[in-house]
Structure formats: structure tokens, C-alpha cells
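To keep things clear, I will list the structure first and then write my remarks on it.
Computed from heavy atoms alone, side chains included, the values below leave out hydrogens, waters and symmetry copies.
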Amino acid sequence: FVSKLLCEAYGKRVGLFTSPHLFDVRERIQINNALIDKDKFTEYFFEVHDEMTKIAANSDSDFDRESASRSNFFRFMFLLSLHAFQKENVEIAVYEVGIGGKQDSTNIFP
């Protein structure tokens with residue numbers, strides 16, 4: 001509702017990150033209340049995946065390697081949403097938080 005209001009009332013490019021999805025994983029990352037095109041979603045997916053693989057393989061930091069290799073599905077989708085919103089020039093992003101607590105990847109926002 002909030003993302004639709006921002007999009008329609010203010011003419012902004014609005015990204016929405018939610019979970020879970022019901023039918024299509026692209027439901028989790030929407031722009032202006034629409035699913036991302038399958039080809040773009042695939043492109044962004046592998047860009048994030050490849051960067052995480054590089055971090056895991058090339059970092060001298062145990063923390064970086066472990067974090068990249070242990071990334072769970074929600075964390076990966078969260079990173080994918082950030083990447084997609086940046087690539088798609090989203091002006092406002094609406095995020096549904098995860099389970100909360102210090103391990104929730106959405107805690108990067110103040």
C-alpha cells in the first residue's frame with residue numbers, strides 16, 4: 001500500500017522488498033508495484049552471486065569468507081534488492097524487515 005501511494009501520489013520510482021513470496025521469487029523485489037523482468041532479475045542475481053563468490057574466494061579476512069559462504073536466502077535476497085534498486089534508479093525503497101535482532105540483514109538501515 002505504501003509503495004503504491006508513493007509511486008502514484010508523488011511520481012517517484014519506488015522499490016518494494018517483502019517476504020515471503022507466494023508464486024514467483026520476483027514478488028520479493030518489485031519496482032513501481034511490478035515484478036522485475038525475468039532477464040533483468042537473472043542478470044542481477046548472478047551479478048550479486050558472482051561478487052559474493054569473489055569475496056569468499058579472494059578475501060584475506062576470515063569474516064568476509066565466512067559471511068559470503070554462509071549467506072542465507074533472506075540475506076541474499078536483501079542484497080539482491082539493494083543491487084536491483086540501485087541499477088533501476090529507485091528513488092525510494094520500502095523494506096519489510098526480517099525476523100529482527102542483531103543478525104537481521106535489514107539492520108543496516110538506521
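- Side-chain contact check for I29 versus F45: every heavy-atom pair is 4.5 Å or farther apart.
- The shortest side-chain heavy-atom distance between F85 and R13 does not fall under the 4.5 Å cut-off.
- Here F41 pairs with nothing under the ring-ring contact (aromatic ring centres under 6.0 Å, His included) rule; sequence neighbours left out.
- For the side-chain hydrogen bond (donor to acceptor under 3.5 Å, both in side chains) test, no residue two or more places apart in sequence or in another chain qualifies with D50.
- Nearest heavy atom pair, residue I92 against residue V90, reads O-CG1, 3.0 Å.
- Here R28 pairs with nothing under the salt bridge (charged side-chain N to carboxylate O under 4.0 Å, His left out) rule; sequence neighbours left out.
- At least one side-chain heavy atom of L35 sits under 4.5 Å from a side-chain heavy atom of Q30.
- Atom CZ in F74 sits 10.0 Å away from atom CG in L79 (nearest 0.5 Å).
- In this structure E27 satisfies the salt bridge (charged side-chain N to carboxylate O under 4.0 Å, His left out) test with no other residue, sequence neighbours excluded.
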(request) For the pair E43 and K40, evaluate salt bridge (charged side-chain N to carboxylate O under 4.0 Å, His left out) and give the outcome as yes or no after the intermediate values. (result) CA-CA 5 Å; E43 175 186 338; K40 283 186 178 184; over 6 Å; no

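- Distance check, rounded to the nearest 0.5 Å: CD1 of I31 to CD1 of I36 gives 4.5 Å.
- Applying the ring-ring contact (aromatic ring centres under 6.0 Å, His included) test to H83 and every residue at least two apart in sequence or in another chain returns Y44.
- At a threshold of 4.5 Å between non-hydrogen side-chain atoms, the residues L82 and Y95 count as touching.
- For the pair N32 (side chain) and A34 (backbone), a donor-acceptor distance under 3.5 Å is absent.
- Take E47 and apply the salt bridge (charged side-chain N to carboxylate O under 4.0 Å, His left out) test, not counting sequence neighbours, and it matches K87.
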